[in-house]
Structure formats: C-alpha cells, structure tokens
Amino acid sequence: MRKLRVNNGKSAVIAAITVLVLAGCASGEAANDDNAADEPAVTAGSEEVTDGEGADEIPAEPEPEILDFVDVFGQPYQVEINPDVEKHTYEMDAFVHDGDRLAYQADGYEYRLGVDVSEHQGWIDWEKVRNDGYEFAIIRVGYRGYGQEGRVCLDDQFYTNIENAQKAGLDVGVYFFAQAINEEEAKAEAQFVLEHIKGYELQLPVVYDPESILDDEARTDNVSGEQFTKNTEVFCRMIEEAGYEPMIYSNMLWEAYEFDLERLEQYPIWYADYEPLPQTPYHFDFWQYTNAGSVDGITGRTDLNIQLMPAG
C-alpha cells in the first residue's frame with residue numbers, strides 16, 4: 001500500500017480517474033516520504049519550559065487523520081486528511097444505487113441527476129434524455145491537445161449540444177479539458193471558453209478540468225501540483241470576473257497529491273469517483289459517479305452525475 005503525505009499539491013502527478021483520448025488536435029504534438037512531524041519547540045511565550053514543578057504543560061499534537069482510498073485501478077493509497085479544508089456532511093448510507101440511477105435519501109439535501117458529454121457521444125436526442133429523468137448537462141466546450149503543440153480546439157458537438165439541451169429544458173453548464181503548462185496558457189483557455197459561451201445563459205458553472213493522460217505521453221507530465229493550482233486559480237478568476245460561476249473537476253488523487261485545496265476552497269468541486277461511495281472527506285457539489293451509464297437518447301455509455309443541494 002502506498003502511503004504519502006499531502007504536500008500542498010507539490011507531489012508528482014499520479015493519475016486521473018477519467019481518461020480522454022483526444023483525436024485530431026491531440027496528434028502531432030508522473031511522493032513524498034511519510035516522515036514524522038517535527039518535534040514542537042519546548043517554549044511557552046519567551047520563557048524556557050523545564051521539567052520542574054509548575055512548568056507549563058505543552059499539549060500533545062493530535063494524531064493526523066488518515067484516509068484510505070483506491071484509484072480507478074484498485075491501487076490503494078493512504079493520505080493525511082487536511083484539517084483546514086471544509087469537509088462534506090453527506091451521510092454515506094443515504095446514497096442508494098439502483099442500476100445506473102443514484103439517489104440521496106436523507107434530510108438536509110435535495111438531489112437531481114445529470115449527464116456530461118462531448119463529441120465522443122455523437123448526436124444526442126436531448127428530449128429523450130430529459131424524459132429519461134436527467135435534469136442537467138455539463139457539456140464540453142473544448143479542449144487542449146495533450147501533444148507538445150497543445151492546440152486549443154472547439155468540441156465539434158458543442159453548439160449542437162448546448163442549444164438542443166437547453167431547448168429540451170435541461171439546465172446546462174460547460175467544461176474545458178485543460179492541458180495548460182503555465183498561467184499564460186490557462187488564461188488562454190479561459191479566454192477561449194468565454195469566447196464560445198458568449199450569448200448563452202448558463203444555469204450551471206463553467207468547469208476547469210485538468211487531467212493526467214494515462215495511456216500516452218503528455219505535455220503536462222512534468223507539471224507540478226503547485227503549477228496546476230496556479231493554472232486553476234487563473235482560469236477560475238477570469239471566469240468569475242466575466243460573470244460566470246467557476247467550478248473545478250477533481251478526484252481523490254488530485255485532492256491528495258496535486259491541488260492545494262486551501263487555495264482553491266472558494267470554488268465548488270465536481271468530484272469524480274466510480275466507487276460505490278465517494279471516498280473524499282472534502283466538500284463537493286457534484287459527483288460524477290460512473291463513466292459507464294446508459295441513458296435513453298445517448299448512444300453507448302456515458303458519464304452520470306448527481307448534484308447535491310442544501311434543502312430549503
């Protein structure tokens with residue numbers, strides 16, 4: 001079992017749960033030691049503390065809380081939970097699976113189901129999707145190729161998907177598959193998104209989706225967690241300044257080893273995890289709970305999501 005410590009996103013890229021093999025624009029173009037914490041200084045104010053009578057007692061540091069989780073391949077990990085990042089309050093036994101459908105059956109939260117799609121799903125009958133019980137869609141607006149050239153491309157089905165999904169009555173958000181290696185490229189990715197969503201009213205956030213490429217070399221292989229965090233901050237800030245709500249796509253590996261969650265805490269999380277229950281202790285608003293769902297109106301398998309909203 002691999003045991004690593006959170007290091008504010010400065011560890012190497014491990015893996016991402018979702019694997020997108022990008023065609024067209026993609027062509028032409030990888031832990032810290034689990035050392036014990038430093039011993040606390042034996043001082044109280046400016047006075048030396050001794051073992052003599054009346055000496056101040058220094059409370060022992062609390063033991064770090066450890067999270068055990070697995071990645072999409074079943075590889076186990078252990079990581080210290082960051083006590084300074086907001087935790088979710090969802091009840092695990094309230095998540096109820098019924099085939100492809102997921103429900104949350106507890107007081108405090110309401111839920112609804114949705115899909116996320118790209119050109120890989122081809123043409124979609126959004127009326128059938130809506131009639132099948134799915135109320136929202138997160139649609140890919142574009143992506144940056146993961147080859148060295150790193151061209152930014154529009155998703156071939158974006159305009160068709162957003163117009164037909166909204167016409168069918170679904171609430172819509174968009175996402176961009178990112179491969180920025182620095183802040184300037186992240187800024188360009190945000191500008192690209194803003195250009196293509198201009199004139200559309202979005203009901204859901206604009207999502208920044210940086211991922212690792214598992215089956216090929218990628219231009220982001222040597223990008224640090226610190227840099228990924230900076231890129232994400234730049235993108236989200238630009239989206240917010242333009243009047244849209246930004247959101248970040250993540251999974252447990254990225255929350256443990258890449259993102260500095262304290263710096264990104266102001267932004268909602270779209271969490272991806274294909275285990276029966278979400279493994280993250282941290283707060284999220286959307287959970288992508290499978291990448292192999294079956295939906296009327298969509299050919300083949302697709303991603304399914306649940307949105308959790310405070311009741312009342």
Side-chain angles (χ1 to χ4, degrees), residues 18 20 22 25 100-104 109-144 152-178 189-209 235-236 238-249 267-272 284-310:
T18 305
L20 298 179
L22 305 180
C25 288
D100 285 340
R101 308 295 174 126
L102 179 64
Y104 185 80
Y109 290 93
E110 299 173 348
Y111 76 93
R112 61 178 179 168
L113 301 182
V115 299
D116 64 274
V117 299
S118 71
E119 63 190 45
H120 298 292
Q121 277 70 46
W123 187 84
I124 295 172
D125 188 329
W126 286 102
E127 291 286 348
K128 288 185 177 180
V129 174
R130 183 67 177 86
N131 292 336
D132 202 20
Y134 295 92
E135 300 182 58
F136 68 88
I138 305 178
I139 297 170
R140 190 174 73 167
V141 57
Y143 59 95
R144 185 187 289 276
V152 175
C153 305
L154 179 69
D155 187 288
D156 286 344
Q157 291 292 316
F158 171 65
Y159 289 119
T160 299
N161 278 333
I162 190 171
E163 291 171 12
N164 289 348
Q166 290 189 327
K167 183 178 179 181
L170 283 83
D171 285 348
V172 169
V174 302
Y175 76 94
F176 182 86
F177 180 86
E189 292 175 344
Q191 290 172 332
F192 175 89
V193 171
L194 292 172
E195 175 186 345
H196 290 283
I197 64 175
K198 186 177 181 180
Y200 291 100
E201 181 179 353
L202 301 182
Q203 296 76 39
L204 297 178
V206 175
V207 184
Y208 195 55
D209 176 19
F235 182 96
C236 290
M238 287 185 62
I239 296 300
E240 193 168 36
E241 289 173 352
Y244 299 94
E245 181 183 13
M247 185 164 67
I248 302 166
Y249 181 83
Y267 303 116
I269 294 293
W270 176 15
Y271 177 71
F284 59 91
D285 292 287
F286 293 77
W287 173 22
Q288 185 187 76
Y289 62 89
T290 182
N291 65 346
S294 178
V295 177
D296 192 22
I298 301 179
T299 301
R301 297 294 180 174
T302 193
D303 301 335
L304 299 180
N305 303 269
I306 186 170
Q307 180 187 11
L308 295 153
M309 303 160 287

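Fair warning: this is a prediction, and the values are worked out from it, not measured in the lab.
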Ile248 side chain reached by Phe235 side chain, heavy atoms, under 4.5 Å
no
Please assess Val193 against Tyr244 for the test side chain to side chain contact (heavy atoms under 4.5 Å, CB included), listing each intermediate value before the final yes or no.
CA-CA 11 Å; Val193 171; Tyr244 299 94; over 6 Å; no
Closest non-hydrogen atoms of Arg140 and Ser118, given as atom of the first, atom of the second and distance, are NE-CB, 3.5 Å
Any donor-acceptor N or O pair under 3.5 Å, side chains Gln166, Tyr200:
no
Over 60° means perpendicular and under 30° means parallel, so tell me whether Phe192 and His196 are parallel, tilted or perpendicular.
tilted
Within the distance-only criterion (no hydrogens, no angle test), does the side chain of Tyr109 pair as donor or acceptor with the backbone N or O of Gln307 below 3.5 angstrom?
no
Do Trp270 and Asn305 have side-chain atoms, one donor and one acceptor, less than 3.5 Å apart?
yes
Nearest-0.5 Å distance, SG of residue Cys236 to CD of residue Glu241
11.5 Å
Hey, does Phe176 have a side-chain heavy atom less than 4.5 Å from the side chain of Arg144?
yes
Please test Phe284 against Leu308 for side chain to side chain contact (heavy atoms under 4.5 Å, CB included), starting from the C-alpha separation and ending with a verdict.
CA-CA 8 Å; Phe284 59 91; Leu308 295 153; 3.9 Å; yes
Tell me the closest heavy-atom pair linking Arg130 and Gly169, and the distance in Å.
NE-O, 3.8 Å
Determine yes or no for a side-chain-to-main-chain donor-acceptor pair under 3.5 angstrom, with Asp116 supplying the side chain and Ile138 the backbone.
no
Compare every heavy atom of Ala165 with every heavy atom of Ile139, then report the nearest pair and how far apart it is.
CD1-CB, 4.1 Å
Here the gap from Leu304 atom CG to Asp100 atom CG, rounded to the nearest 0.5 Å, amounts to 5.5 Å
Can you list the steps and then say if Ile239 with Leu194 is a side chain to side chain contact (heavy atoms under 4.5 Å, CB included)?
CA-CA 7 Å; Ile239 296 300; Leu194 292 172; 3.8 Å; yes
Measure the CD1-CD1 distance between Ile124 and Ile298 for me, rounded to the nearest 0.5 Å.
4.5 Å
Side chain proximity check, Ile197 to Leu202, heavy atoms < 4.5 angstrom
yes
Under 3.5 Å, is there a donor on one side chain and an acceptor on the other for Asp296 and Asn131?
no
Atom CD in Gln203, atom CD in Glu135: separation rounded to 0.5 Å?
12.5 Å
Testing the basics here: between Pro268 and Asp285, what is the closest heavy-atom pair and its distance to 0.1 Å?
CB-OD2, 3.1 Å
When you measure from the side chain of Asp156 to the backbone N and O of Glu119, does any donor-acceptor pair fall under 3.5 Å?
no
Mind checking the CD-CG spacing from Gln288 to Asp303? Nearest 0.5 Å is all I need.
4.0 Å
If I take atom CD1 from residue Ile306 and atom OH from residue Tyr104, how far apart are they, to the nearest 0.5 angstrom?
9.5 Å
Closer than 4.0 angstrom, basic N to acidic O: yes or no for Arg112 and Asp171?
yes
Side chain to side chain, Ser294 and Arg301, heavy atoms closer than 4.5 Å:
yes
Between Arg101 and Leu113, what is the shortest heavy-atom contact and its length?
CD-CD1, 4.1 Å
Beyond-backbone contact of Val207 with Phe286, side-chain heavy atoms, under 4.5 angstrom:
no
Side chains of Asn161 and Trp126, heavy atoms from C-beta outward: is any pair under 4.5 Å?
yes
Please test Trp123 against Asn164 for side chain to side chain contact (heavy atoms under 4.5 Å, CB included), starting from the C-alpha separation and ending with a verdict.
CA-CA 10 Å; Trp123 187 84; Asn164 289 348; 4.2 Å; yes
How far apart are the closest heavy atoms of Pro205 and Met247, and which atoms are they?
CB-CB, 3.6 Å
